[in-house]
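I have placed the structure first, in the form of structure tokens, so that the comments after it can refer back to it.
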Amino acid sequence: MSQLVHLCHLDTSPFHHLSRAIGWICCLGLVLLVLGCSREPRPIELIGLTMGTYYSVKIARLPAGIRQEALAPQLERLLAAVNAEISTYDPGSELSRLNANPSTDWIAVSPNLYAAIAEGQRIAALTDGAFDITIGPLVNLWGFGPERRSPKPPTEAEIQVARERVGYRKLALRSDPPAVRKARGDLYLDLSALGEGYGAERIAAWLESQGVRDYLVAIAGTIRAKGLNLEGRPWQVAIEEPLADRRAVHRIIPLSDLAISTSGDYRNFFEHEGKRYSHEIDPATGAPVERRLGSVTVIGKNAMKIDGLATALMVLGEEQGFELAEREGIAAYFILRTAQGFATRASSAFRAYLERPSR
Ligand code: FAD
């Protein structure tokens with residue numbers, strides 16, 4: 001039995017988010033039910049909701065001495081802790097408290113929050129600010145954050161006011177002891193672009209601490225694979241086609257000891273007067289990116305880093321994003337919409353994964 005996981009995002013629109021997540025869980029449950037009827041062994045699977053979306057943890061082999069029943073509550077506690085660190089949807093989280101703090105002095109932060117912010121700042125520098133974790137005011141203004149509003153575009157004046165609060169250079173970092181300093185007290189950080197990867201890394205670290213060596217962790221569109229599946233083969237992960245109305249497998253990638261993440265414009269968007277606005281915001285314009293680029297998938301060692309990079313390449317677009325991927329050796333796969341259907345472009349580093357046999 002292959003362990004096929006669709007590398008796909010749920011509808012992360014604030015308006016349909018939870019119902020889609022529940023739909024996905026039901027769908028997953030149905031698949032498990034069908035699999036359960038077969039005599040073949042199947043991996044242990046823990047599934048649930050987190051970060052307004054779903055998670056799934058598959059374990060091919062459990063080490064001796066680890067009780068399966070003990071895993072789910074431990075995982076739930078870990079995910080609650082992760083949300084309490086970096087969620088902007090939880091007003092009591094460490095990140096929300098940092099956002100609400102008007103001080104322009106150094107503010108001490110936990111090592112975990114610091115690690116996520118520092119990764120965001122690294123990607124911001126790499127992309128010259130196309131990726132920017134201070135994007136929060138614009139994300140909220142466009143209705144893609146916790147401050148929900150009716151799905152229609154803001155005015156140009158509102159965009160300009162929000163843009164003044166955005167800019168990664170307005171945030172300074174100090175590693176020891178970990179602290180950040182805002183150039184403006186009303187800076188508002190949004191770590192959603194790398195949050196799923198951050199969560200996947202934390203789950204992976206916990207599994208490793210339990211001695212688990214063969215697992216597949218998925219938080220929506222970000223997946224971290226380690227070891228082999230039940231058949232002793234690499235885990236099978238499907239990249240999906242960037243379609244808003246249905247799910248279709250685009251291609252399958254065998255994955256072991258790597259992470260994969262997709263960002264796209266096809267799940268989290270709203271339409272107004274016939275125009276689609278997606279949640280990837282270009283800090284240079286203050287508006288959602290408008291391109292024929294449907295999705296970008298990135299493969300690499302660290303789930304948090306590639307989760308952020310996938311968003312960064314989406315914002316940069318097919319030309320600039322592709323150039324950056326080639327220059328930096330990033331394994332990236334671009335799916336573009338054309339009049340003739342989907343076209344694809346794989347960076348040199350990604351091509352190696354396309355050449356691997358999928359089973
Ligand atoms: P990605 O492509 O990975 O990221 C896109 C997101 O990045 C945008 O939605 C925006 O937030 C941000 N972004 C946009 N443009 C840029 C840019 N130029 N640079 C940097 N970042 C940018 N959602 C809910 O509805 N309810 C919840 O309770 C909830 N809780 C969450 C808790 C946590 C800890 C996190 C991290 C997220 C939570 N979310 C919640 C948000 C949601 O689940 C997704 O993480 C989010 O929508 C983005 O993930 P994605 O994979 O869809 O898109």
Side-chain angles (χ1 to χ4, degrees), residues 7-21 49-55 79-91 93-96 112-113 116-117 119-121 123-124 126-148 163 166-168 188-200 202 218-223 242 261-270 277-289 293 295-298 303-317 321:
L7 178 62
C8 56
H9 295 246
L10 288 172
D11 181 350
T12 47
S13 135
F15 313 100
H16 300 109
H17 204 105
L18 197 60
S19 62
R20 285 294 183 108
L49 298 174
T50 189
M51 302 186 188
T53 183
Y54 80 93
Y55 70 82
L79 287 169
V82 165
N83 277 268
E85 286 162 5
I86 63 158
S87 176
T88 48
Y89 291 77
D90 171 1
S93 76
E94 189 185 357
L95 182 59
S96 292
N112 284 337
L113 179 59
I117 293 174
E119 186 61 59
Q121 290 294 77
I123 301 175
L126 185 71
T127 59
D128 200 18
F131 181 93
D132 192 330
I133 57 169
T134 67
I135 197 85
L138 285 165
V139 172
N140 290 338
L141 183 65
W142 282 91
F144 294 114
E147 293 169 21
R148 296 165 186 199
R163 274 190 72 200
V166 175
Y168 75 99
Y188 178 107
L189 312 188
D190 174 358
L191 295 171
S192 287
L194 46 74
E196 290 161 3
Y198 174 83
R202 292 287 298 278
I219 302 184
T222 300
I223 292 174
S261 183
T262 294
S263 285
D265 69 351
Y266 56 102
R267 293 266 178 252
N268 195 0
F269 63 85
F270 68 84
Y277 298 91
S278 95
H279 66 148
E280 255 99 23
I281 313 274
D282 185 350
T285 61
V289 291
L293 185 55
S295 73
V296 178
T297 297
V298 178
M304 173 164 67
K305 180 175 178 179
I306 58 149
D307 190 11
L309 282 176
T311 306
L313 297 182
M314 267 305 287
V315 175
L316 282 171

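Note that ligands are numbered from 1 as they come in the structure, with each ligand's atoms numbered from 1 the same way. Numbers here simply count residues along the sequence, with the first being 1.
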Honestly, for Phe131 the part within reach of ligand 1 (heavy atoms, under 4.0 Å) is both
What do you reckon, does Asp282 have a nitrogen or oxygen under 3.5 Å from a nitrogen or oxygen of ligand 1? no
Donor-acceptor pair, distance only, cut-off 3.5 Å: does the side chain of Thr134 make one with the backbone of Gly167? yes
Contact summary for Asp190 and Thr88, nearest pair of heavy atoms: CA-CG2, 4.3 Å
Check: His279 N/O within less than 3.5 Å of ligand 1 N/O: yes
For ligand 1, which is the ligand I care about here, please tell me if Gly195 has any N or O atom under 3.5 Å from one of the ligand's N or O atoms. no
Determine, considering heavy atoms only, which of Tyr54, Tyr198, Tyr89 sits nearest to atom 39 (N) of ligand 1. Tyr89
Per-atom contacts of ligand 1 with Val315, taking only distances under 4.0 Å to non-hydrogen atoms: 18 (N)
Within ligand 1, which atoms have a heavy atom of Asp307 less than 4.0 Å away? 3 (O)
Counterpart residues, ring-ring contact (aromatic ring centres under 6.0 Å, His included), relative to Tyr168 (two or more places apart): none
Step by step, work out the side chain to side chain contact (heavy atoms under 4.5 Å, CB included) result for Leu113 and Ile86. CA-CA 7 Å; Leu113 179 59; Ile86 63 158; 3.8 Å; yes
Using a 4.0 Å cut-off to any heavy atom of Ala193, which atoms of ligand 1 qualify? 3 (O), 4 (O), 7 (O), 21 (N)
Any sub-3.5 Å donor-acceptor pair from Ser96's side-chain atoms to Asp90's backbone N or O? yes
Who pairs with Asp265 by salt bridge (Lys or Arg N to Asp or Glu O under 4.0 Å), at least two apart in sequence or on another chain? Arg337
Donor-acceptor contact below 3.5 Å, side chain Arg267 vs main chain Pro242: no
Under 3.5 Å, side chain of Trp142 to main-chain N/O of Glu280, donor-acceptor pair present? no
Run down the list Val166, Asp90, Asp190 and name the one with the heavy atom closest to atom 10 (C) of ligand 1. Asp190
May I ask you to list the atoms of ligand 1 that are less than 4.0 angstrom from any heavy atom of Asn83? 32 (C), 33 (C), 34 (C)
Please state which part of Glu196 comes within less than 4.0 Å of ligand 1, counting heavy atoms only: side chain, backbone, both or neither. side chain
I need the Tyr198 OH to Leu191 CG distance, nearest 0.5 Å. 9.0 Å
Mind checking whether Asn268 contacts ligand 1 via backbone (N, CA, C, O), side chain (CB onward), both or neither, at a 4.0 Å heavy-atom cut-off? side chain
Determine whether any heavy atom of Ala130 lies closer than 4.0 Å to an atom of ligand 1. yes
Taking non-hydrogen atoms only, is Pro283 closer than 4.0 angstrom to ligand 1 via side chain, backbone, both or neither? side chain
